[in-house]
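Have a look at the structure below, then the notes.
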Amino acid sequence: MRKLLALPVLSADALSSVAYGPESLLAVLVLAGTAGLAYSLPVSGAIVFLMLAVGLSYRQTIRAYPHGGGSYIVASDNLGRVPGLVAAAGLMTDYVLTVAVSIASGVAAITSAVPSLAGQTVPIGVGVIVLLLAGNLRGIRQAGALFAAPTYAFVAAMLTLIAYGLVDAAGRGFEARPAPPLGVTESVGVLLVMRAFSSGATAMTGIEAISNAVPAFKPVEWRNARTTLTWMVGLLIVMFTGISLLIHLTGVVPGSGETVLSRLAHLEFGDGWMYVFVQTATAAVLLLAANTAYNDFPRVLSLLARDDCAPRVFMRLGDRLAYSNGILLLSLAAALVFVAFDGLTASLIPLYAVGVFLAFTLSQAGMVVHWWRLRNRHWRKSLAFNAVGGALSALVFLTAGISKFTSGAWVAIVAVGLFLLVTTRIRRHYRAARDALRLHPHTVELPARTARGPLPARGSTLTERSGADGGGEDEEIPEEIRHLSVVAIATLDLAGMRALAYAASLQQPVLVVHISLTEDEARRFRGYWSLWGDHLPLEIVISPYRAVVAPLVHYLESLHRQHPELTLTVILPEIVTRRRRHRFLHSRTATRLRRALRPLPKIVITTVPFHLPV
């Protein structure tokens, strides 16, 4: 991506947080009345310093991880598996809440402009989640002017609002207008200021998105990514500072029924077209920010599945090359959270900061270890930047966890703990299953008889058509049936060897098919095959999009068309677990194959079970 396109696409989450970050800060301070509001500018200044420190920290991350350095990867590489899983837990919580909070804030922008819709917040929000689900399942991607326009429109709207407000304030000598009379429910204290600081710091969500997407930039990738990150942080600081200053100068305070940003726009522009533009741009960029999580959540989940810390079903790409199962899980989780908290931004914010800054903290701590180990040129400066960013992120995490524990932060903390427990148990099961399935030399007797059958020409099986429509299901006696057993093997393990042995025992021609994701994997499998299974013919199909069923179905369809006289018996190894809860951790390929191949005649699907002792 070019920088002009990457900036709006990757910065939508971070920049849109200006719509609710200052308001969240103010919503806490207003509990102490006028005395509390006096701390709005100092707290805002501390948040701006935090933005600058974390932004500089992520510049170092981009340089160290030019192929993409999300919190899970950085923490796992430098701190170990468990800290990496904790960082992933923070990220997953962050992505779910990004959808919920962005949609809640976007719907609030709509209802502020159209008060008659105020009672329909939850249905509207759930409807938006359904639309995002449908769009992402169909393969919609964050690219092009369609996705860049809302972010640029929002930036233009905010800068115009800030400039207009400051000019208006200059006309009265920058004298701050008094806030309306406020009821005092809490006294000013350290705990109140800490809560306000952690609430306002949610304006930093999404700041790591660029470090995740470094390979998407045009060469030189890391340099263009760092430049884009600098522009994003600069715009974020300018807009956050400007909105906070305008709030102070105008005396606007949060109230029910209308957002602070809407009140500012009303105050400066009235009900004219500029007000409509501000609200429309705000709603649009917030909905776009919600959509960014639909790219990152399934990707992190697929990385966890690759590392055996999540069900492998989350590695599967759908027909539109999207991680469909991850998209479904994100939509369900976000919808449940949105409904549980009535679609109210103020109720969701206490949960938000915990996951965000937990991931930030572990990522920056991992970078400190990285520079300490590497000690290359300028390593001390880089280590210092990451150490400061990590320390400040840890401060916000602890502040949010302590000060907002009873307000909802406990939900995020419990979610992180449950995530760590579940992923650890999943990894333990996969490790035990791998040990049970592992082949050992001299423990498997290979069939001495070679069972070969008619094969299409190598390299032509996926493209040729024989044109034959014959081979109908008119066999009435066993002697009329001509067999070919096709054994689909994913890995050479005991389950696969059992399926091969079963196929060979039928004393019919056998063909083995393996789906490989890359040429390198195909070469490795051929090397294993020469040791364990070179007694049977092997065909390898390359599937670079991690799809298994579709390429296998395509192959079998081609084979059926070329040899319509054959009855194909597709034999699959099946893992059978002792515990019901472990079933979803293993592939259900047979069921999906039966559904896909049912329209074709003379194809039989059978499974050979292998019972795990765990």
Side-chain angles (χ1 to χ4, degrees), residues 439 444-516 522 525-543 548-574 589-590 593-594 596-610:
L439 291 178
V444 178
E445 291 291 334
L446 301 180
R449 186 184 63 80
T450 299
R452 296 187 180 272
L455 297 178
R458 186 175 299 277
S460 65
T461 55
L462 294 182
T463 58
E464 290 185 3
R465 296 287 186 270
S466 67
D469 296 324
E473 297 171 314
D474 54 1
E475 300 93 341
E476 296 180 355
I477 58 177
E479 290 76 11
E480 292 179 344
I481 299 178
R482 295 184 58 195
H483 287 280
L484 175 62
S485 297
V486 180
V487 185
I489 295 292
T491 56
L492 275 177
D493 53 22
L494 289 178
M497 295 302 293
R498 179 172 173 78
L500 290 172
Y502 173 81
S505 72
L506 299 177
Q507 299 185 1
Q508 298 292 338
V510 178
L511 169 65
V512 180
V513 178
H514 171 71
I515 307 295
S516 283
F525 190 87
R526 285 192 185 278
Y528 299 147
W529 187 253
S530 66
L531 175 64
W532 293 104
D534 204 24
H535 57 292
L536 295 173
L538 170 69
E539 286 289 322
I540 294 182
V541 179
I542 305 298
S543 175
V548 174
V549 172
L552 185 56
V553 168
H554 191 187
Y555 182 91
L556 293 171
E557 287 177 340
S558 298
L559 191 59
H560 173 73
R561 289 190 180 97
Q562 291 182 21
H563 301 280
E565 75 282 1
L566 296 177
T567 294
L568 302 181
T569 300
V570 183
I571 299 173
L572 302 169
E574 181 183 20
T589 305
L593 265 181
R594 284 193 182 94
L597 295 173
R598 189 174 291 119
L600 291 179
K602 301 177 70 171
I603 293 183
V604 178
I605 309 292
T606 188
T607 59
V608 179
F610 182 91

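The analysis underlying the following values was restricted to heavy atoms, covering all of them including side chains, and did not include hydrogens, waters or symmetry mates.
Rounded to the nearest 0.5 angstrom, Ile489 CD1 and Leu500 CG are separated by 4.5 Å. If you take CG on Leu593 and CZ on Arg598, they are separated by 11.5 Å, rounding to the nearest 0.5 Å. A distance of 7.0 Å separates CD of Glu557 from CG of Leu597, quoted to the nearest 0.5 Å. Taking OH from Tyr555 and CG from Leu511, the interatomic distance works out to 4.5 Å, rounded to the nearest 0.5 Å. Between Ile515 atom CD1 and Phe525 atom CZ the span is 10.5 Å, to the nearest 0.5 Å. Taken from NE2 in His483 to CG in Leu506, the straight-line distance is 8.5 Å, to the nearest 0.5 Å.
The two atoms that bring Ala495 and Pro573 nearest to each other are O-CB, 3.5 Å, heavy atoms only. When every heavy atom of Ala503 is checked against every heavy atom of Val487, the shortest pair comes out as CB-CG2, 3.5 Å. Heavy atoms only, all atoms of each residue included: Ala488 and Leu572 are closest at CB-CD2, 3.3 Å. Across all their heavy atoms, Pro609 and Thr607 have their closest contact at CD-O, 3.6 Å.
Residues His514 and Ser516 have side chains that bring a donor and an acceptor to within less than 3.5 angstrom of each other.
With sequence neighbours left out, the ring pair (Phe, Tyr, Trp, His ring centres under 6.0 Å) criterion links Phe610 to no other residue. Listed by chain and residue number, nothing satisfies the side-chain hydrogen bond (donor to acceptor under 3.5 Å, both in side chains) test with Thr606 (two or more places apart in sequence, or in another chain).
You'll find the side chain of Pro601 reaches within 4.5 Å of the side chain of His560, heavy atoms only. Side-chain contact between His563 and Leu484: absent, with no pair of heavy atoms (C-beta onward) separated by less than 4.5 Å. The side-chain heavy atoms of Lys602 and Leu568, taken from C-beta on, include no pair separated by under 4.5 Å.
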Practice problem: Given side chain to side chain contact (heavy atoms under 4.5 Å, CB included), test Arg498 with Leu494 step by step and report yes or no. | Solution: CA-CA 6 Å; Arg498 179 172 173 78; Leu494 289 178; over 6 Å; no
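Side chain of Trp529 to backbone of Leu492: no donor-acceptor contact under 3.5 angstrom is found.
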